[in-house]
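Some notes on the structure that comes next.
Bear in mind the structure is a predicted one, so any value in this text is a computation, not a measurement. Just so we're on the same page: letters track the sequence lines, and every chain starts at 1.
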Number of protein chains: 2
Amino acid sequence: MFRIGELANRHGINTDTLRFYEKHGLLQPSARQDNGYRAYNQADDQRLAFILRAKSVGFSLGEIAELLSIEVDKANRVCSDVKELVDEKLVKVSEKIAELERFRQSLQILSDGCCGGPHSAEHCTILQALESFEPDDMQPSYSK
Amino acid sequence: MFRIGELANRHGINTDTLRFYEKHGLLQPSARQDNGYRAYNQADDQRLAFILRAKSVGFSLGEIAELLSIEVDKANRVCSDVKELVDEKLVKVSEKIAELERFRQSLQILSDGCCGGPHSAEHCTILQALESFEPDDMQPSYSK
DNA sequence: CTTGACCTTGGAGTAGACTCTAAGCTTTAT
DNA sequence: ATAAAGCTTAGAGTCTACTCCAAGGTCAAG
């Protein structure tokens with residue numbers, strides 16, 4: 001049995017985080033001591049580890065709640081239930097990467113076009129681009 | 001001279017967004033009509049276009065405020081002031097991409113290991129990984 | 001018996017970028 | 001004349017994942 005501070009410490013997180021997870025239904029302590037202190041057992045510890053691993057691969061707390069609901073009812077769930085969640089997340093992450101890649105390329109084009117020197121910014125190509133170019137003008141041209 | 005609705009319409013945004021930008025110092029209407037309505041002129045329109053272009057390449061509103069402060073004082077600023085902001089953003093975006101790439105690879109490994117079929121989730125490799133693997137186990141192994 | 005570390009609760013604050021609501025005035029169209 | 005559309009304001013709500021705060025109870029050490 002661990003108290004909240006011990007459990008938090010074992011996992012390198014804050015006690016507030018544990019109370020936050022509890023409030024959001026991710027991790028209920030299995031019991032309370034007579035004095036009202038939260039009492040976590042081995043299973044709670046493992047559940048927390050599950051949560052933190054899921055977080056480390058990018059799942060949001062909402063998605064983790066879904067994963068947990070399958071985990072606790074494994075016997076009545078199938079692989080495709082689980083894989084579906086992973087694959088949906090894979091799509092979301094890939095889309096976000098694609099968006100950021102577009103940003104990165106636009107920024108790179110802006111950066112490359114600017115001398116970055118001590119000249120007056122009045123003719124700075126970056127500002128000129130932001131003043132009047134269309135977004136398309138900041139896309140890379142694969143044709144050249 | 002445009003009223004708030006016209007300006008919002010021309011740029012495909014919400015009037016609330018315009019008021020929000022105003023409150024946050026990004027875009028002040030150059031005048032007010034006698035009835036109190038906001039009156040935007042050509043310069044305001046161009047400033048808004050600048051803001052939206054900067055947004056489209058990934059700048060946050062705070063970063064855009066910095067760009068605007070250089071833009072309006074161009075004559076006394078230099079290229080390196082501008083390029084610095086772009087390059088800092090480039091670093092932030094690249095770091096975020098790197099993080100998401102790690103997520104993507106971990107998720108891909110989880111997905112690849114699972115049959116995704118109608119079998120009981122009791123032996124699902126994804127759940128097993130989240131139950132007991134160390135985060136490193138979900139990194140790709142470049143050695144193979 | 002006091003100090004300090006730990007625990008409890010409810011609730012507020014943070015960041016970012018809006019989005020919505022309420023109550024009310026103005027303008028435009030019928 | 002009236003209804004619909006548009007404008008005003010201040011302020012609240014949304015989402016995510018915490019993080020902090022206040023006021024107070026509990027427990028071990030010195």
Side-chain angles (χ1 to χ4, degrees), chain A residues 1-41 44 48 50-68 89 92-93 96 99-100 103, chain B residues 1-41 44 48 50-68 88-89 92-93 95-96 99-100 103:
Chain A
M1 286 293 190
F2 322 109
R3 286 184 310 181
I4 195 168
E6 291 174 77
L7 186 64
N9 242 287
R10 289 164 63 86
H11 292 273
I13 63 175
N14 198 308
T15 56
D16 279 326
T17 301
L18 246 15
R19 291 193 197 92
F20 176 83
Y21 288 169
E22 180 177 340
K23 193 158 53 181
H24 288 73
L26 291 174
L27 180 67
Q28 249 49 51
S30 53
R32 290 282 181 145
Q33 292 176 2
D34 292 346
N35 56 18
Y37 287 13
R38 288 168 178 78
Y40 296 92
N41 64 16
D44 298 331
L48 178 56
F50 182 101
I51 291 168
L52 298 177
R53 283 189 206 100
K55 247 176 69 76
S56 80
V57 298
F59 284 108
S60 71
L61 299 191
E63 291 158 346
I64 293 172
E66 292 188 71
L67 282 170
L68 283 167
K89 185 67 184 179
K92 288 185 208 166
V93 168
K96 190 71 191 171
E99 184 191 9
L100 289 173
F103 288 166
Chain B
M1 286 294 189
F2 322 110
R3 286 185 309 181
I4 195 166
E6 290 174 79
L7 186 65
N9 242 287
R10 288 164 63 84
H11 293 273
I13 63 176
N14 197 310
T15 57
D16 280 325
T17 302
L18 245 15
R19 293 193 196 92
F20 176 82
Y21 287 171
E22 181 177 340
K23 192 160 52 181
H24 288 73
L26 291 173
L27 180 66
Q28 250 48 49
S30 52
R32 289 283 181 145
Q33 293 177 0
D34 292 346
N35 57 18
Y37 286 14
R38 288 168 178 79
Y40 297 92
N41 64 17
D44 298 331
L48 177 57
F50 183 101
I51 292 168
L52 297 178
R53 282 188 207 101
K55 249 176 67 77
S56 81
V57 298
F59 285 109
S60 70
L61 299 190
E63 290 157 347
I64 292 172
E66 292 189 72
L67 284 170
L68 283 167
E88 278 171 23
K89 186 65 185 181
K92 287 185 209 165
V93 169
E95 284 171 355
K96 189 70 191 169
E99 184 192 11
L100 290 173
F103 289 166

Salt-bridge contact B/Glu22-B/Arg19 (side-chain N to carboxylate O under 4.0 Å) = no

task = Determine the contact category for A/Arg19: base if any of its heavy atoms lies under 4.0 Å from a base atom, sugar-phosphate if only primed atoms, P, OP1 or OP2 are that close, otherwise nothing.
result = base

message = I need the A/Met1 CE to A/Glu6 CD distance, nearest 0.5 Å.
response = 11.5 Å

inquiry  = I need a per-nucleotide contact map over nucleotides 14-30 of chain C, read 5' to 3'. Cutoff is protein heavy atoms under 4.0 Å; write B for the base, S for backbone only, - otherwise.
reply    = ---BBBB-----BS---

message = Please check this pair: side chain of A/Lys89 against backbone of A/Phe59, looking for a donor-acceptor N/O pair closer than 3.5 Å.
response = no

inquiry  = Please determine whether a side-chain nitrogen of the Lys or Arg among B/Lys92 and B/Glu63 lies less than 4.0 Å from a carboxylate oxygen of the Asp or Glu.
reply    = yes

key: Quiz item: cation-pi between A/Arg32 and A/Tyr37, 6.0 Å / 45°   = no

message = If you compare all heavy atoms of B/Ala39 against all heavy atoms of B/Pro29, which two are closest, and at what distance to 0.1 Å?
response = O-CB, 3.7 Å

note = 5'-most to 3'-most nt of DNA chain D touching chain B (<4.0 Å, heavy-atom partner on protein side) reads D/dG6 to D/dT9

ask   = Rounded to the nearest 0.5 Å, how far apart are CG of B/Leu7 and CG of B/Asp44?
value = 7.5 Å

ask   = Within a strict 4.5 Å, meaning less than it, do heavy atoms of the B/Leu18 and B/Leu48 side chains meet?
value = yes

query = What is the distance from CD of A/Glu22 to C1' of C/dT9, rounded to the nearest Å?
reply = 11 Å

